[in-house]
Protein chains: 2
Amino acid sequence: MDAINPELLRGSLELMVLSALSDGKQYGYSIQAKLWESSSEIIDLKAGTLYPILHKLEKEGLVKSLWENETGRRRKWYELTAAGRKQLRNRADEWRRYVDCLRRILGPLGDLAPQPA
Amino acid sequence: MDAINPELLRGSLELMVLSALSDGKQYGYSIQAKLWESSSEIIDLKAGTLYPILHKLEKEGLVKSLWENETGRRRKWYELTAAGRKQLRNRADEWRRYVDCLRRILGPLGDLAPQPA
DNA sequence: CTCGATACATAGCCAGGCAATATGTCGCGA
DNA sequence: TCGCGACATATTGCCTGGCTATGTATCGAG
């Protein structure tokens, strides 16, 4: 599957990360893997993109984190807060409005099936 | 209708402009108006955003322009080139792939109707 | 005659995403 | 046992696109 222009992804990455946390806690690396799989190998979120997003979301109180130090391999688990769950719903709404908006603008082009060749 | 986070719009503005030119030539100001109307008053493309986009598209050979100097009021008409039409199709395809991709990631959240309050 | 809409253009700022780099653990195969 | 690749997190600095602000000029209405 072809990659999507990164410029297009911009602005929706936070939504993806929030969404990846919607059914339970995850740590950074597992979020990358989850998005990679759930997007059918399209979204390859780089570490240099993911971790700053996670830190930002935590600073905004949308996620909370907990270090797992038991084993030598340290993991930082992230979990949605109540505010985070609300944000997720709001941003998903916004996303749908955005899609509707583009569909209206594109007209027939918005409905066409991708053309081979 | 609420505005959409500009960060989310990023990357799709060129597609919108190309789309606005899909059924005939337009000049800058009329493109703004067309997008404003076809988006149900959501997309308010600023001049400082639109003109640079138009210049970029022209430099890339996706649109060609023609000055109308007849009257004192000068207008610069823009028209899609063959390459531009092709790009429009490609980018509309890419947009659809993007939407599908997020639908998969969001799961049920991608289908829900926007909730009041 | 002034104000707001029409019409185009550009300089400069801001923020997000990415590449590169850094650090360290762990398990496997040579 | 040594090294390599996967696992795991973090930060710096660059690039780019969109927005704000500003500038110029025409035109019709009041």
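Values below: all heavy atoms of this structure, side chains included; hydrogens, waters and symmetry mates excluded.
- The phosphate of C/dA15 has neither OP1 nor OP2 within less than 4.0 Å of any side-chain N or O from A/Lys56.
- Rounded to a whole Å, the CG atom of A/Leu45 is 14 Å from the C1' atom of D/dA8.
- Across all strands shown, B/Leu13 has heavy atoms under 4.0 Å from sugar-phosphate atoms exclusively, and none from any base.
- Put simply, A/Lys46 has no side-chain N or O that comes within less than 4.0 Å of OP1 or OP2 on C/dA20.
- Between B/Leu62 and B/Glu58, every side-chain heavy-atom pair lies at or beyond the 4.5 Å cut-off.
- Comment: A/Arg91 engages A/Glu14 in a salt bridge, judged by a side-chain N to carboxylate O separation of less than 4.0 angstrom.
- Aromatic rings from B/Trp67 and B/Tyr78 are positioned such that their centres are separated by 6.0 Å or more.
- Rounded to an integer number of Å, the gap from CG of A/Leu8 to P of D/dG17 is 13 Å.
- Side-chain contact annotation: B/Trp77 with B/Glu68, donor-acceptor N/O pair under 3.5 Å present.
- Regarding A/Ile53, its CD1 atom lies at a distance of 15 Å from the C1' atom of D/dT9, rounded to whole Å.
- Separating the CG atom of B/Leu9 from the P atom of C/dG16 is a distance of 15 Å, rounded to the nearest angstrom.
- The hydrophobic clustering, which links ILVMFWY residues whose side-chain heavy atoms are closer than 4.5 Å, places A/Met16 and A/Ile42 together.
- Atoms CG (A/Leu50) and P (C/dC18) sit 11 Å apart, rounded to a whole Å.
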Using a cut-off of 4.0 Å between protein heavy atoms and nucleotide atoms, how would you tag nucleotides 7-14 of chain C 5' to 3' with B, S and -? SBBB----
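- Note that CG of B/Leu13 and CD of A/Glu7 are 10.5 Å apart. Values are rounded to the nearest 0.5 Å.
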